[in-house]
Amino acid sequence: MSIQDRIRGGAPLDMSRRGFLAIAGGAGVGLMVGLKPLPAEAEAAGGVVQFNPFVKVAPDGAITVVVKHLDMGQGPTTGLATLIAEEMDADWSQMRTEFAPADANLYANLVFKAQGTGGSTAMANSWEQYRTAGAAARAALVKAAADKWQVAQGEIVVDKGVLSHPSGKRGTYGEFAEAAAKLPAPIGAPQETPYKDAAKFKLIGKEGLHRIDNDPKTDGTAIYTQDVKLPGMLVAAVAHPPRFGGKVKSFDDSEARKVKGVEKVVQIPQGVAVLARNTWAAFKGRDALKVEWDDSGAEMRGSEQMLKEAREAVSKPGAAVATNKGAVAAGFEGAAKVVEAEYTFPYLAHAAMEPLNCVAQIKDGAVKLTFGSQFQSIDQPTAAAIAGVTPDKVTIETVWAGGSFGRRAVPTADYVAEAVAIAKASGGDAPVKLVWTRDDDTKGGYYRPFYAHRVRAAIGADGMPVAWEHRIAGQSIFAGTALEAMAVKDGVDETSVEGASNLAYAVPNLRVELTTLKAGVPVLWWRSVGHTHTAHVVETMIDELAHAAGKDPVEYRLALLKDKPRHLAALKLAAEKAGWAPGSKPEKGKGRGVAVHESFNTIVAEVVDVTITKDGGVKVDRVVAGVECGTVINPDVVRAQVEGGVGFGLGAALRNAITLEDGVVQQANFDTYEPLRMSDMPKVEVYTVPSDAKPTGIGEPGVPPLAPALANAIFSATGKRVRDLPLGDQKFTTA
Amino acid sequence: MIKLKINGEERSVDVDADTPLLWVIRDEIGLTGTKFGCGQALCGACTVHMDGQAVRSCQTMVGDVGDAQIVTIEGLVGANATPEGKAVQAAWRALDVVQCGYCQSGQMMSAAALLAENKKPTDEDINAALDGNVCRCATYQRIRAAVHDAARRLEA
């Protein structure tokens with residue numbers, strides 16, 4: 001069962017038209033598709049008519065799509081606007097977007113059954129819902145035009161947002177919005193197909209549709225949390241304990257209070273907050289604080305010790321069994337060859353470009369949050385509990401996020417809680433903008449957990465795998481959170497084993513074990529979650545088996561994926577586009593590797609070409625990706641996500657690790673946690689497998705195959721296996 | 001009071017001379033297109049032009065600016081856009097460079113400064129000029145292509 005299934009805790013919601021109506025109707029009044037608009041809103045917004053939770057039409061014909069997902073760069077504003085524009089036969093230039101308020105009745109992620117963005121579900125869960133919403137708005141507008149023109153609805157054609165009739169009558173959506181809003185529901189015949197057949201798509205899957213956020217993101221006008229400025233707003237910086245689990249023992253704020261612009265200093269559960277009239281004063285005030293910390297409850301271990309414990313754990317049978325297929329012990333008997341290897345993976349920080357931040361105001365018994373909210377259904381009740389109000393008294397205005405990679409969706413809503421705690425402790429009703437520095441962000445925890453893996457795998461006389469014993473040990477993302485009960489089953493956190501427990505290759509005897517280790521360092525999903533480490537292990541081990549069997553890595557995989565047509569399609573596409581020649585040996589100093597992995601219901605295969613430089617370093621020259629993600633909604637956004645996934649995975653594989661000494665994080669800024677830079681970026685080519693199936697995830701699946709394909713490329717160049725990430729400073733010699 | 005020439009206008013700000021230019025631009029003048037990413041000149045999100053040179057405003061103290069002309073993203077591409085600014089913006093849009101967008105003001109400032117000095121930069125020139133501008137979405141391939149595209153637009 002996938003993590004999405006776990007979070008949802010059961011069968012998928014009915015995403016048919018009826019399911020949609022039921023959800024839309026959950027709001028109570030007037031929001032069912034095709035029903036009347038919200039009268040107050042129509043009036044207040046200058047005649048803008050809201051047809052349903054997702055579509056508004058203005059008198060000038062502008063169509064505003066209400067976007068229920070956070071856009072942290074992965075492009076759901078463009079994607080969701082495409083779905084509505086497609087069904088309304090609109091012109092791309094008339095499309096506008098706005099982020100939805102916090103309201104899970106209307107804007108739930110249909111996979112999570114809660115309002116939030118993650119698991120690469122934005123387009124997949126909205127695919128039918130948004131098209132239904134667009135089609136319903138279109139039907140109402142066409143009906144209004146038909147009534148006015150006294151013609152049959154079926155004779156009206158809509159093209160690029162213009163309605164026309166063979167008689168010569170023409171009009172815009174804006175002209176009919178008010179009349180359409182007054183029509184009785186339901187609109188259109190019930191037996192009518194709610195949305196278009198794929199054959200009629202004019203926008204979905206087509207090239208040339210530019211990102212809808214291009215303009216504000218290339219003229220400086222896009223507003224991120226960092227840019228929010230409200231009347232009377234104070235900026236807050238927080239002194240956090242140097243160790244996770246540390247607490248304030250005492251503090252002296254006399255110097256901090258002398259800093260020009262500092263207004264207040266308050267203690268909160270997370271540390272000591274300095275509130276100032278501007279950001280620089282808040283930072284200076286924070287630096288002037290003298291805080292004594294109480295480490296009695298803090299994590300004092302170093303990361304080396306934690307990894308050592310993880311390696312010890314995988315040297316023994318696991319505490320829980322995630323998969324047990326066939327008879328592994330018997331499988332090893334009579335094996336022709338056995339390959340055994342151990343792997344380690346460090347903590348990783350998300351390190352989004354925009355350091356964490358959140359604006360919170362507590363006023364008149366209500367809380368107003370303004371920020372890039374990724375998990376409204378957690379952020380809202382968390383803020384309510386701290387402020388001492390009911391969740392309905394918490395409004396959230398979502399703004400653009402400068403990246404996230406998972407960090408803004410937190411089961412504890414850590415940074416949101418901190419902002420609300422400061423607003424509460426301030427004792428006033430001014431808005432407070434909590435701003436983390438880069439150092440705060442790097443040291444703030446919620447990392448990709450550390451893991452160790454140990455795999456023992458056997459091949460038979462024919463070279464094909466007969467047994468695979470896979471032990472995993474590391475920290476659980478869900479353990480200890482409010483979501484533990486639904487996400488951890490029989491001692492197995494799915495996010496610790498996903499990608500290994502559901503091994504795609506046909507191996508008759510498979511056993512995957514997990515030992516969950518505890519550490520006082522908060523951990524979190526990091527773009528592609530468990531697949532960040534499981535894909536590396538599975539895809540480098542299968543490469544080792546192919547080598548042990550004397551077979552070509554692509555052909556070996558193809559033979560083991562016979563029953564996986566989507567894997568086959570992605571892998572064949574990548575191999576073909578990369579010009580993979582079975583059995584051919586790259587020239588000296590060059591290497592080529594491949595990996596294929598399923599995550600978030602999407603299959604991505606990547607072929608990586610490397611050069612071993614004169615000084616023994618690794619330069620990645622080219623990455624060719626084959627992607628099977630169902631229907632492609634916007635081909636360029638899909639390419640961009642895989643290009644970005646490759647870069648994100650590569651930076652981490654090359655040199656990123658969060659390490660602790662005596663419980664203290666050793667990295668702070670981009671010098672010690674250095675992201676991929678332009679000179680590191682390879683040429684990336686992305687190709688998609690044609691499909692008319694439902695769209696699957698695309699924000700994350702480009703990440704997992706990168707590191708193992710890179711490791712396999714390094715092996716082909718050097719004969720050395722990469723089993724511990726990151727590569728760091730290690731030097732290679734060519735084979 | 002400190003006087004600043006920013007995007008062609010003269011502004012007076014009541015701040016200490018050792019205040020980073022970044023926070024003056026953002027918090028005092030209210031131009032928020034220039035971003036805070038690292039505070040230590042390690043990521044380039046805060047890049048502005050000082051007399052045409054790309055500088056990191058987070059490590060430029062406002063007292064050191066003097067008479068220099070400051071241009072931010074709002075001045076690079078607004079009504080009084082520079083030729084390089086116009087070309088860079090058009091290229092960025094044509095190639096759909098942005099993802100989260102947070103670093104892109106800085107990327108565009110660095111790209112425009114490069115193009116003002118080097119009409120036909122090579123990949124190596126672009127890497128050298130923009131290696132200090134981090135993009136966590138890894139839009140680097142498109143940035144590189146967009147700089148070439150902007151160079152072509154300037155030539156035309």
(message) Counting only non-hydrogen atoms closer than 4.5 Å, does A:Ile223 touch chain B with its backbone (N, CA, C, O), its side chain (CB onward), both, or neither?
(response) side chain

(request) Report the C-alpha separation of B:Arg26 and A:Asp227 in whole Å, then their side-chain angles, then the decisive distance to 0.1 Å, and conclude whether the side-chain contact (heavy atoms from CB on, under 4.5 Å) test is met. (result) CA-CA 8 Å; B:Arg26 288 183 52 84; A:Asp227 308 326; 2.9 Å; yes

(message) Looking only at heavy atoms and a cut-off of under 4.5 Å, which of A:Thr437, A:Val684, A:Asn278 has the most pairs with chain B?
(response) A:Val684

(message) Please check if the number of heavy atoms outside A:Lys619 that lie under 6.0 Å from its NZ is greater than 12.
(response) yes

(message) Counting only non-hydrogen atoms closer than 4.5 Å, does A:Ala351 touch chain B with its backbone (N, CA, C, O), its side chain (CB onward), both, or neither?
(response) both

(message) Looking at B:Tyr102 and A:Ala352, would you say the former's side chain and the latter's main chain have a donor-acceptor pair under 3.5 Å?
(response) no

(message) For the backbone of A:Met681 and the side chain of B:Gln141, can you confirm whether one donor and one acceptor N or O come within less than 3.5 Å of each other?
(response) no

(request) Measure distances from A:Thr279 to the heavy atoms of chain B and classify the residue's part below 4.5 Å as side chain, backbone, both or neither. (result) both

(request) Taking the side chain as every heavy atom from C-beta outward, state whether B:Glu74 and A:Asp219 have any pair of such atoms under 4.5 Å apart. (result) no

(message) With a 3.5 Å distance limit and no angle check, can you tell me whether B:Arg144 reaches the backbone of A:Met678 through a side-chain donor-acceptor pair?
(response) yes

(request) Can you tell which part of A:Ala640 gets under 4.5 Å to a heavy atom of chain B, answering side chain, backbone, both or neither? (result) both

(request) Give, as side chain, backbone, both or neither, the part of A:Val646 having an atom under 4.5 angstrom from any heavy atom of chain B. (result) neither

(message) Under a 4.5 Å cutoff for heavy-atom pairs, which residue among B:Arg93, B:Lys35, B:Glu124 has the most contacts with chain A?
(response) B:Arg93

(message) So B:Gln40 and A:Asp439, do their side chains get closer than 4.5 Å, heavy atoms only?
(response) yes

(request) Identify which of B:Ala94, B:Cys103, B:Gly85 forms the greatest number of heavy-atom pairs closer than 4.5 Å to chain A. (result) B:Ala94

(request) Would you indicate whether B:Lys86, at its atom NZ, is surrounded by more than 12 heavy atoms from other residues, nucleotides or ligands within a distance under 6.0 Å? (result) no

(message) Measuring only between side-chain heavy atoms, which start at C-beta, is A:Arg677 closer than 4.5 Å to B:Asn133?
(response) no

(request) State, to 0.1 Å, how close A:Phe405 and B:Arg136 come at their nearest heavy-atom pair, and which atoms those are. (result) CZ-O, 3.6 Å

(request) Answer yes or no: is there a donor N or O on one side and an acceptor on the other, between the side chain of A:Arg438 and the main chain of B:Gly39, under 3.5 Å? (result) no

(request) Write down the atom of B:Cys100, the atom of A:Tyr224, and the distance for their closest heavy-atom approach. (result) O-OH, 2.7 Å

(message) Ignoring hydrogens, what is the shortest heavy-atom contact between B:Asp18 and A:Trp280? Give both atom names and the distance.
(response) O-NE1, 4.2 Å

(message) Does any backbone or side-chain atom of A:Asp215 lie under 4.5 Å from a heavy atom of chain B? Answer side chain, backbone, both or neither.
(response) both

(message) Do B:Arg142 and A:Asp636 make a side-chain contact, defined as non-hydrogen atoms from C-beta onward lying under 4.5 Å apart?
(response) yes

(request) For A:Asn669 and B:Cys38, indicate whether the former's side chain and the latter's backbone hold a donor-acceptor pair under 3.5 Å. (result) yes

(request) Give the ring-plane orientation class for B:Phe36 versus A:Phe283, where under 30° counts as parallel, over 60° as perpendicular and anything between as tilted. (result) tilted

(message) Strictly distance-based, threshold 3.5 Å: is any side-chain N or O of B:Tyr140 a donor or acceptor partner for the main-chain N or O of A:Gly644?
(response) no

(request) Between chain B and each of A:Met72, A:Gln226, A:Gln74, count heavy-atom pairs under 4.5 Å; write down the option with the most. (result) A:Gln226

(request) State, to 0.1 Å, how close B:Gln99 and A:Asp213 come at their nearest heavy-atom pair, and which atoms those are. (result) O-OD2, 4.0 Å

(message) Using a 4.5 angstrom heavy-atom cutoff, name the option from B:Leu22, B:Ile73, B:Asp96, B:Asp27 with the most pairs to chain A.
(response) B:Asp96

(message) Surrounding NZ of B:Lys120 (heavy atoms of other residues, nucleotides or ligands, distance under 6.0 Å), is the total greater than 12?
(response) no

(request) Grab the two heavy atoms, one from B:Asp14 and one from A:Lys260, that are nearest each other, plus how far apart they are. (result) OD1-NZ, 4.4 Å

(message) What part of B:Leu76 gets within 4.5 angstrom of chain A, counting heavy atoms only: side chain, backbone, both, or neither?
(response) neither

(request) Specify which of B:Val77, B:Val98, B:Thr139, B:Thr34 makes the most heavy-atom pairs with chain A at under 4.5 Å. (result) B:Val98

(message) Which atoms of A:Met353 are under 4.5 Å from chain B, going by heavy atoms: the side chain, the backbone, both sets, or neither?
(response) both

